[in-house]
Structures are given as C-alpha cells and as structure tokens.
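Please read the structure below before turning to the comments.
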Amino acid sequence: SSESTTSTFHITIMSQPNVFIKQSDVDDDVELERAVVHRPSSNLSAASASNLSAAAGDMMFTLDGIDDDAAEAKEERRASSMPKLASLSVNKKTLVGCTVLGVVGTIVGVAIGGAAEHKQQQNALAAINGGGGTNPSKSGKSGPFCDTEPSVVCGQTVTGTAVLNEDLFCTDLIKYSTPDVVLKTLNAAVKVVGADAVIDCKGHTIRQLTSKSAASCEDSPGLLFTNSNKRKKMKEECDLFYQAGIWLADGATAINCNVEHFYDGFLVQNGGEVKKSEASRNRSGVDILDDTGSMTKISDVYAHSNGDGIRIGGSPMGNVVTIEDFMGKNNLRSGMALRGPNIKVKDSTTSHNVGSGIRVVGMEISNPTKVQFEGTVSSHHNGASIPRAQIQIERHLEPGSGHGVEVTRNKRGSRPFYADVTVKGELNTYQNGIDGLFISYDANMVGEMNDPLGFTVEAKGSFNSCNNGEYDIGLPAGTVTFEDEGTDGYTCESKGRSADMTNFPTCEDCPDCE
C-alpha cells in the first residue's frame, strides 16, 4: 500500500541525572527519549499490547501507544530499506524484539511473554545500560537475555555431570538451633557420587562462610570419621556447617575446582579423582578416606595455606593412591601426610610448610604403609621459617616436626607400626629446618615375617639430602634397613642421632654451594 501508517513508541530510561536526549526519524515517527525518571511507587500491572513496562532498580523501560498491525506492516517495509533503524514486532502473546542503535546501546532479541516477562525485561535494561544481562559480554554491548540459574547449590548431591558457572558461597551458619542430626552428619557443600559422576567448576571457587580459621581447627571428627559426637564438637568449635567442600564418593571426579574454608577441602571416599584444582584454608586440602579396595588419583593440584596439604587417613590392602604433579606449600602442618598400603608419589613438591614436607605414617605389620617415589620429588624449606619450639607450641605439632621427609608412627596407641619406602626416581630434600630425612625410633622399617621393609633406592633411583638444618639423614635408633640397588644412590653430607653409624647408608658428598 502507498499509504503509510504511523506508529509511535517511546523508550524512557533513567541513566544519568539531568540528561535529556531526543532523536527522531520523521518518516517513521520513531522517537527515542533519555531522561530522569523515578522508581514506580507500586507494582506495575500486567503487560498489555498498549502499555508494556518493567521496573529494574532505579530504571523504567516503557513502550507506549503501540498499534500491533501497523507495527508489523511497517517492520516488513523498513527491514529492506532501513535495517539499522529500530525495529519493533509485537504479538500480544509472544515477544517484543527491538534493536536500538546510537546513543543508548544495543538490545537484541528481547522476549517478553507470560511468566518470564519481568526477568527478560530486566536483562534488556542491563544491556541498554552497558551490562549485558546476567552474564555480560566483555564489550558490554550485547549478551544473553535469559537469567542463568545457579548450576549447583550448597548441600546438593550430584550423580551425573554438574558445571559450576560462578563462585558458590555457602552461608549456612552453626546456630544454637542447628539440629544435632546436621551437626553429627558427614556433609559437604557438594557431594558427587558414582564412577561416572563429574563436577567441573570451570575455575570457580566453592567457599564456606565461617568466623574461624578452618586450617587451624584442632578438633577432629574422629578416626575414619565415624564418631558423630566428635564431629558435632568439631563443627561447633570450628564453626563449620559443612565438613567437606567437595565430597567425592565411589569413583567420582572433580576438575578445575577451588575450595576454601572447610575441614576437608576435597574429601575422597572409596576412590575418585581430583585434577587441575586448588585447595586453601582448609584443615586438610585433600583428605583421602578409603574403606574398600579402590583407586584414587590426585593430579595437578595446588594445596596451600591448609592444615595439611594432603592427608591419607589409612586404607585397607588393595587400595591404590597416586599423587602426581602435586604442590603442597605454606601449610600449617605437613605438605603430605601419607598412611596406606599402596601410595605412589610422582613429580611433586612440598615446600615452606611449617611442619614436615612429607610425613610417612606407619601402620601395623599386617598392613604396613608403603610409599613409592617416582619421577622427581622434592621437599625443601620446610620448618625453616619458625623456631622449633614455636612450631610445637603454636601449631601443636609433634616434637621434632620440620623435616624434609619424616617417617614416623601414628601417635595413637602403643603398638609398633611399620613402614616401607622405595625410591624409584629422584628424591631430593634440602634446606629444611631440622633433618632432610628423619626416621623416628618408633617407626619400624626392619622386615618381619615374609614382607621386607626398609628404605630402598633402586638401581635407577637416587636420594639426595643436603644443606639441612641439623642432619641430612637423622636416625635415632637402628630400626631401618637402607638398601642401594645401584651405585651412588645416596647423597648426603651429615648423618646423626644414632651412636651406631653402621646403620646409615654410604653417601656421596653433597656438591659445594657457591
């Protein structure tokens, strides 16, 4: 038709005080106004074809005097000749799609319809103001116009695949009204269950709100976490609503995750995998608690500013724990605390921890702790920054903690405990506060029955311990069998703590330091 139909719409936006801009297209009677407005004093009525509006903060977005048929006809006509001007297509039940170019910014594909109307208009307003909705683009000129609901919420259990699209803050607090069933139960911000279950945090953080330091929490939920009364006391004393940040059970996986302010940053039970992740300010950055035959792998993980960087609480025969590309640094106790029958540590480093870099904790002779070091493993500058007495008093560590590698026994009970260490690659300890390698008098490494124990450097391996605070190898009693299956397997400068020096390995001298 040659006869034109005129339709007029106004967009009124509060953006900056005392600013008024008017821009007109005479042919199409399109007017854009930008002016100061005030928050509506009451809730807006439902949208209609003649008046659509939505409130968002201190801004109001209105479309007035729309003629549906005229607008649709004009849109078809103007789409071919003036594609860069504002376009409007309205259906009473479906959507308003508008593109405003120039002074204000850009809105693309705003959908207003049914129950989603209010949310979608809010996103449009954010885009006009340079935002881009819930997930703004870097340019601030365009973005998605649908609210993204949190993919994971605190207290959730995942059995499939979950993706964390933003940081997750758990604000549940311990109160006098908190039920005992919550306080006594092992719980987590996120629990992931099953061999096929995965949580990918995309580099985001899961953090718990607490009034105290989880890293210095001295209360324990009990051996193997089975004592519900101790767990209740721990949660109350340390102000921790959730015990674990991410709890992996029965082979589940966590990737690209950061966890902070929990008793256990990552808790792995009955097998699982943590990779490309970070744990900080937890009592244990990673806690491995296996009670059935399973396999656990920790790879490319940075654990710092925790109590222990990684702790293996003891496992039955058949379990395999592999730690690879791990760094434990600046922890209040040890970088690694290892206790279990089949532990492999490969290409990892512990440094600048207040206690010992690596603690190997013996178990009973029927199920001794066995640790293999593969690749290049280094433990240095541990226990060096704080005086020895201050370490014991302030951090409640075992006497003499602050070694590169410490082989000791579990401090609970009076039964003898046993451990075996094999160096398949290169193990380096240097510049630690006390000893490079310390083997406690009550950790038995002499083989009994049919199961040989000891400290063995294989033919292709080497143990190098130099420039430590007291001894490079400290051995209080003759309970260790040192084996060297190759030549020059040991490098050290100083040996001591035992009157019988024949029990020590033969060492090559340490290199001179300029």
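Residues Ile206 and Asn258 form no side-chain contact, since every pair of their non-hydrogen atoms from C-beta on lies 4.5 Å or further apart. Using a 4.5 Å cut-off on side-chain heavy atoms (C-beta onward), Leu248 and Leu267 make no contact. Looking at Thr322 and Thr296, their side chains never come closer than 4.5 Å, going by heavy atoms from C-beta outward. A 4.5 Å side-chain heavy-atom check between Val158 and Ile199 finds every atom pair outside the cut-off. Contact of the Leu437 side chain with the Asp435 side chain is not registered, since no non-hydrogen atoms from C-beta on lie closer than 4.5 Å. Contact annotation: the side chain of Leu164 never approaches that of Asp200 to less than 4.5 Å [non-hydrogen atoms, C-beta and beyond]. Contact check for Ile310 versus Ile298: side-chain heavy atoms found under the 4.5 Å cut-off. Within the 4.5 Å cutoff, no side-chain heavy atoms of Glu508 are placed close to those of Tyr490.
The distance from atom CG of Asn464 to atom OG of Ser462, rounded to the nearest 0.5 Å, is 4.0 Å. Atom CG of Asn306 sits about 12.5 Å away from atom SG of Cys217, to the nearest 0.5 Å. One distance of note links OG of Ser280 with NE2 of His304; it measures 4.0 Å at 0.5 Å rounding. The distance from the NZ atom of Lys370 to the CD1 atom of Ile343 is 12.0 Å, given to the nearest 0.5 Å. Lys460 contributes atom NZ, which lies 15.0 Å from atom CD of Glu426 (distance to the nearest 0.5 angstrom). With rounding to the nearest 0.5 Å, the separation of CG in Asn282 from CZ in Phe266 is 8.5 Å.
Between Asn382 and Ser356, the side chains place no donor N or O within less than 3.5 Å of an acceptor N or O (distance only, hydrogens not considered). Judged purely by distance below 3.5 Å, without hydrogens or angles, the side chains of Ser294 and Asn270 never pair a donor atom with an acceptor atom.
At a threshold of 4.0 Å, the pair Glu218-Lys230 does not count as salt-bridged, since none of the basic side-chain nitrogens sits closer than that to a carboxylate oxygen. A salt bridge is defined here as a Lys NZ or Arg NE, NH1 or NH2 lying under 4.0 Å from an Asp or Glu carboxylate O, and Glu166 with Lys202 fails to meet this definition. At a threshold of 4.0 Å, the pair Lys275-Asp325 does not count as salt-bridged, since none of the basic side-chain nitrogens sits closer than that to a carboxylate oxygen. Using a cutoff of 4.0 Å between basic side-chain nitrogens and carboxylate oxygens, Asp287 and Arg311 are scored as salt-bridged. Using a cut-off of 4.0 Å between Lys/Arg side-chain N and Asp/Glu carboxylate O, Glu260 and Arg281 are scored as salt-bridged.
When every heavy atom of Gly496 is checked against every heavy atom of Phe504, the shortest pair comes out as O-CZ, 3.2 Å. Ile312 and Arg339 make their closest contact through CG2-O, 3.2 Å (heavy atoms, listed as atom of the first residue, atom of the second, distance). Asn353 and Gly328 get closest at one heavy-atom pair: ND2-O, 3.1 Å. Nearest heavy-atom pair, Gly454 versus Asp420, reported as atom, atom and distance to 0.1 Å: N-OD1, 2.9 Å. Shown here for Ser334 and Asp308, the closest heavy-atom pair between the two residues is OG-OD1, 2.7 Å. Residue Ser277 comes nearest to Ala254 through the heavy atom pair OG-O, 4.2 Å, listed as atom of the first residue, atom of the second, then distance.
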Ser379 and Thr350: CA distance, side-chain angles, deciding distance, side-chain hydrogen bond (donor to acceptor under 3.5 Å, both in side chains) verdict: CA-CA 5 Å; Ser379 186; Thr350 60; 2.9 Å; yes
Test side-chain contact (heavy atoms from CB on, under 4.5 Å) applied to Ser228 and Thr185, step by step: CA-CA 7 Å; Ser228 60; Thr185 300; over 6 Å; no
Audit row: Arg359, Met336, side-chain contact (heavy atoms from CB on, under 4.5 Å) steps and yes/no: CA-CA 6 Å; Arg359 292 186 72 236; Met336 301 183 197; over 6 Å; no
From CA spacing to verdict: side-chain contact (heavy atoms from CB on, under 4.5 Å), Arg497, Tyr471: CA-CA 8 Å; Arg497 302 195 188 283; Tyr471 297 102; 3.8 Å; yes
Trace of the side-chain hydrogen bond (donor to acceptor under 3.5 Å, both in side chains) decision for His380 with Gln431: CA-CA 6 Å; His380 60 89; Gln431 296 189 19; over 6 Å; no
Trace of the side-chain hydrogen bond (donor to acceptor under 3.5 Å, both in side chains) decision for Asp347 with Thr376: CA-CA 5 Å; Asp347 294 328; Thr376 300; 4.6 Å; no
Salt bridge (Lys or Arg N to Asp or Glu O under 4.0 Å) assessment of Asp219 paired with Arg231: CA-CA 8 Å; Asp219 289 277; Arg231 178 178 293 110; over 6 Å; no
Trace of the side-chain contact (heavy atoms from CB on, under 4.5 Å) decision for Trp247 with Gln269: CA-CA 8 Å; Trp247 178 5; Gln269 187 174 32; 3.2 Å; yes
Residues Asn468, Glu470; criterion side-chain hydrogen bond (donor to acceptor under 3.5 Å, both in side chains); working and verdict: CA-CA 6 Å; Asn468 295 284; Glu470 296 188 17; over 6 Å; no
Working for salt bridge (Lys or Arg N to Asp or Glu O under 4.0 Å), residues Lys232 and Asp180: CA-CA 7 Å; Lys232 176 185 176 183; Asp180 274 4; 3.1 Å; yes
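Looking only at distances, a side-chain donor or acceptor of Thr210 sits under 3.5 Å from a matching main-chain atom of Lys212. The backbone N or O of Pro221 lies less than 3.5 Å from no partner atom in the side chain of Asn227, so there is not a single donor-acceptor pair. For the pair Thr369 (side chain) and Val361 (backbone), a donor-acceptor distance under 3.5 Å is present. Checked by atom type and distance alone, the side chain of His204 pairs as donor or acceptor with a backbone atom of Asn165 at under 3.5 Å. Glu237 contributes no side-chain N or O that, together with a main-chain N or O of Met234, makes up a donor-acceptor pair within less than 3.5 Å. Distance alone, capped at 3.5 Å, is enough to place a donor-acceptor pair between the Ser494 side chain and the Asp472 backbone. Distance alone, capped at 3.5 Å, places no donor-acceptor pair between the Asp484 side chain and the Glu458 backbone. One N or O on the side chain of Ser348 and one on the backbone of Lys346 form a donor-acceptor pair closer than 3.5 Å. Of the possible donor and acceptor atoms, none in the side chain of Asn331 sits under 3.5 Å from a partner among the backbone N and O of Arg333.
Crowding of Asp167 atom CG: a count of heavy atoms from other residues, nucleotides or ligands under 6.0 Å exceeding 12. More than 12 heavy atoms of other residues, nucleotides or ligands lie within 6.0 Å of NZ in Lys184, so this atom counts as buried by the packing criterion.
Ring pair Phe463/Phe455: centre-to-centre distance below 6.0 Å.
As summarised for Cys492 and Cys510, their two SG atoms remain at a distance no smaller than 2.5 angstrom, missing the threshold.
Scanning for side-chain hydrogen bond (donor to acceptor under 3.5 Å, both in side chains) contacts around Thr429 gives Ser465, with sequence neighbours left out.
Aromatic ring orientation, Phe262 versus Tyr242: tilted (interplanar angle from 30° to 60°).
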